[in-house]
Visitor: 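Sharing a structure here in structure tokens format.
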Amino acid sequence: MKRILLVCLGNICRSPTAHGVLLGKIEDAGLSGSVEVQSAGTGMWHVGEAPDVRAIEAAKTRGYDLSGLRAQQVQDGDFSRFDLILAMDYSNYDELMIRCPEESKSKINLFLPFSGVSEVDEVPDPYYGGAKGFDKVLDLVEQAADNLVARFTERTL
Ligand code: 4NP
């Protein structure tokens with residue numbers, strides 16, 4: 001079992017979107033038994049909340065249901081529990097690297113470059129913008145998830 005943690009700031013916009021999309025594609029590929037996906041935020045403000053309604057609505061139009069997810073904050077134990085910890089932007093990457101014990105730092109990567117998406121390095125934070133920002137998140141996250149699932153299928157990850 002490969003365990004993957006997707007991380008943003010609030011765990012209500014970007015990482016739950018990535019969580020729902022990656023989970024959906026893993027299920028479609030028949031890999032549910034071999035890959036576990038979770039998401040969390042570096043911040044604690046939204047712990048226990050469902051994803052932002054704009055994220056839920058945007059994902060629904062593409063066939064992903066985020067409504068059952070609940071925000072959680074990254075825990076110290078996550079650095080040993082997960083095999084791969086992927087940050088949505090540099091700021092969250094830096095925060096994870098500060099908190100992570102030395103022996104687990106190699107598990108931490110930036111989500112888009114690690115997933116072979118070369119258009120941009122960061123998933124832009126859509127929280128203070130409009131619906132278009134959430135569509136952009138989905139465009140990037142779907143590409144990244146396709147690439148990750150291809151690597152799981154080929155057993156190169
Ligand atoms: P996320 O977006 O990190 O993609 O979940 C944000 C959610 C909440 C806040 C900022 C970004 N906030 O400042 O509360």
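In listed order, ligands and their atoms are each counted from 1.
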Visitor: Hey, does Asn11 come in under 3.5 Å of ligand 1, counting only N/O atoms on both sides?
Guide: yes
Visitor: Does any N or O atom in Pro126 lie less than 3.5 angstrom from one in ligand 1, N or O only?
Guide: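 N/O-N/O distance under 3.5 Å: no.
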Visitor: How close does the nearest protein non-hydrogen atom get to atom 14 (O) of ligand 1, and which residue and atom is it?
Guide: His46 NE2, 2.8 Å
Visitor: Using a 4.0 Å cut-off to any heavy atom of Cys13, which atoms of ligand 1 qualify?
Guide: 1 (P), 2 (O), 4 (O), 5 (O)
Visitor: Provide, to 0.1 Å, the distance between atom 11 (C) of ligand 1 and the closest protein heavy atom, together with that atom's residue and name.
Guide: Asp125 OD2, 3.1 Å
Visitor: When only distance counts, is Arg14 in polar contact with ligand 1, meaning an N/O pair under 3.5 Å?
Guide: yes
Visitor: What protein heavy atom sits nearest atom 13 (O) of ligand 1, and how far off is it?
Guide: Tyr128 OH, 3.4 Å
Visitor: Under a 4.0 Å threshold between the charged nitrogen and the carboxylate oxygen, would Asp139 count as salt-bridged to Arg62?
Guide: yes
Visitor: Please state which option from Thr42, Ile12, Leu9 has its nearest heavy atom closest to atom 7 (C) of ligand 1.
Guide: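 That would be Ile12.
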Visitor: Do Val37 and Val117 sit in one hydrophobic cluster, given that two such residues count as connected whenever their side-chain heavy atoms are within less than 4.5 Å of each other, even indirectly?
Guide: yes
Visitor: When you measure from the side chain of Glu154 to the backbone N and O of Phe152, does any donor-acceptor pair fall under 3.5 Å?
Guide: no
Visitor: Please list the nearest protein heavy atom to atom 12 (N) of ligand 1 with its residue and the distance rounded to 0.1 Å.
Guide: Tyr127 CE2, 3.5 Å
Visitor: Without hydrogens or angle criteria, can the side chains of Tyr93 and Glu122 be said to hold a donor-acceptor pair below 3.5 Å?
Guide: no
Visitor: Assess the side chains of Asp121 and Tyr90: does a donor N or O sit below 3.5 Å from an acceptor N or O?
Guide: yes
Visitor: Between Asn147 and Ser115, is any side-chain donor less than 3.5 angstrom from a side-chain acceptor?
Guide: no
Visitor: Which residue supplies the protein heavy atom nearest to atom 1 (P) of ligand 1, what is that atom called, and how far is it?
Guide: Cys8 SG, 3.5 Å
Visitor: Step by step, would you call Phe79 with Leu96 a side-chain contact (heavy atoms from CB on, under 4.5 Å)?
Guide: CA-CA 9 Å; Phe79 297 110; Leu96 288 167; 4.0 Å; yes
